[in-house]
Amino acid sequence: MFSFFKRKPKPQAEPEVQPEIQPAAPVQPETPATPSVAVPATPPDEADLPPDLPPDLPPAQPEAGNLAEPAAEDSAEDIDIVEAPQPTPEAKRSWLSRLKSGLSKTSSNLTTLFVGARIDDDLYDELESALLMSDAGVEATQWLLDELKKKVKTERLAEADQVRTALRGLLIDLLQPLQRPLVLGREQPLVMMIAGVNGAGKTTTIGKLALHLQAHGQSVLLAAGDTFRAAAREQLAIWGERNNVSVIAQESGDPAAVAFDAVHSAQARGTSVVMVDTAGRLPTQLHLMDELKKIKRVIAKGMASAPHEVLLVIDGNTGQNALAQVKAFDDALGLTGLVVTKLDGTAKGGILAAIAKTRPVPLYFIGVGEKIEDLQPFNATDFVDALLS
Ligand SMILES: Nc1nc2c(ncn2[C@@H]2O[C@H](COP(=O)(O)OP(=O)(O)OP(=O)(O)O)[C@@H](O)[C@H]2O)c(=O)[nH]1
Ligand SMILES: [Mg+2]
């Protein structure tokens, strides 16, 4: 496993969460939450939710002492970088080689054009085509070409290989701002909502992340917020059962209610991280986008500062459409991070440059396969080296 997250120091051991699948109470539109229950029945309707926690509910538990400060107030000294065991050189090579083979079409297009080339307009034209074909988009392509020409001039580059090295540096500069660690332990629970189009890899990513988080000493609770398909609920439930992670699910009904219930359960149990799965949807399905906004609002009714992370999962093979997805989901939800999956397939990779140039939402993780170790933190230098070697 790579060094993965940042987190605040955690003086207290967290309560153990037993593996279970816990159905939430069914939604009862006319009935308010029963006052006596510790973990409340899910509130019936957004309109009925109180502006703050109702007095009978257990408060969020910052007094647990370990996780109370918001990230904005953290100083660099407050945060420990969690050094996960470093991967063996073979494991890292294997992961990088899968990334490289996934991006091989783009890398061969980008690298062959420099072989034995003269630095002239033809080279720039070919580079422009290769970047556009890699899904980098017009804006990022133009920026890269302009900057590259400037560098060639100011640094008096005379060899094609030097131009390639200059391109590498520019790509790293462009992608570096996307490389950000997910900071753990800044809230308890840390609530993460996961959205994306159908089949992007949301549920699989949640499963992989849950195991990574557990490996970092975090207890995890999942909310099966994909209430459209029974199969989706079961996918998460079976996954949770196998991996000792609790799942809050509901036979049918409102995904916002499931999310709300999960947040309260996590507060009551002292769980570190809640991940809310959601059903896949296209940004053009406005009523479904409204439903996502409602889930977000209702989570905030359960815990005012939540959700702390709103992640969009993107299939790396969707080309320029991925950029449209980032814009639409960001406009609707205010994204805090991205996960790009399936970079082991036929992905072209340039889409990351387009995202960095037009909507630079942090890219926390990239996926290069279906196994748990196939999800790794995004590293701009490794990625660019996979693209240009
Ligand atoms: N090759 C490859 N497959 C992946 C990766 N991530 C997810 N998948 C596969 O993509 C398929 C869809 O994954 P899900 O996690 O069910 O996607 P989802 O976004 O939850 O789908 P819906 O809930 O139907 O919207 C599954 O077969 C996963 O195994 C990846 O990084 N590489
Ligand atoms: Mg799913």
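For ligands, and for the atoms within them, numbers begin at 1 and follow the listed sequence. Note that the numbering runs from 1 along the sequence shown for the chain.
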Under 4.0 Å from one or more heavy atoms of G280, ligand 1 contributes atoms 25 (O)
Taking the six-membered ring of Y124, is NZ or CZ of K149 closer than 6.0 Å to its centre and within 45° of its axis? yes
shortest atom 16 (O) of ligand 1-to-protein heavy-atom contact is with Q235 NE2, 3.3 Å
What's the shortest distance from atom 23 (O) of ligand 1 to any protein heavy atom, and which residue and atom give it? R229 NH2, 3.3 Å
Would you say D121 has more than 12 foreign heavy atoms packed within less than 6.0 Å of its CG? no
Identify which one of V339, T204, T278, L338 satisfies the side chain to side chain contact (heavy atoms under 4.5 Å, CB included) criterion when paired with V313. V339
Test your reading of the structure: does G199 have an N or O sitting under 3.5 Å from an N or O of ligand 1? yes
Tell me whether T203 has any N or O atom under 3.5 angstrom from an N or O of ligand 1. yes
For ligand 1, the portion of V368 having any non-hydrogen atom under 4.0 Å away: backbone
Taking every non-hydrogen atom, the tightest pair across W143 and L170: CZ3-O, 3.9 Å
Looking only at distances, please establish whether an N/O atom of ligand 1 is found under 3.5 Å from an N/O atom of T205. no
Relative to the heavy atoms of G367, which atoms of ligand 1 are at a distance of less than 4.0 Å? 31 (O)
Taking P307 as the fixed residue, which of V263, I299, L333 is the one that meets the side chain to side chain contact (heavy atoms under 4.5 Å, CB included) rule? I299
Looking only at protein heavy atoms, which one is nearest to atom 31 (O) of ligand 1, and what is the separation? K342 N, 2.9 Å
Which residue, L236, I194, V276, forms the side chain to side chain contact (heavy atoms under 4.5 Å, CB included) with L222? L236
So which heavy atom in the protein is nearest atom 14 (P) of ligand 1, and how far is it from that ligand atom? T204 OG1, 3.3 Å
Heavy-atom nearest neighbour in the protein, as seen from atom 3 (N) of ligand 1, with distance rounded to 0.1 Å: E370 CG, 3.3 Å
If you round to the nearest 0.5 Å, how far is CG of L145 from CG of L167? 8.5 Å
Could you tell me the residue and atom name of the protein heavy atom closest to atom 25 (O) of ligand 1, and the distance to it rounded to 0.1 Å? K202 NZ, 2.8 Å
Is G201 in polar range of ligand 1, meaning some N or O pair under 3.5 Å apart? yes
Could you find the nearest protein heavy atom to atom 1 (N) of ligand 1 and give me its residue, atom name and distance? D344 OD2, 2.8 Å
With a cut-off of 2.8 Å, does Q235 put an N/O/S atom close enough to the Mg ion (ligand 2)? no
When you look at NZ of K105, are more than 12 heavy atoms from neighbouring residues, nucleotides or ligands closer to it than 6.0 Å? no
Near D226, which atoms of ligand 1 are under 4.0 Å from a heavy atom of that residue? 23 (O)
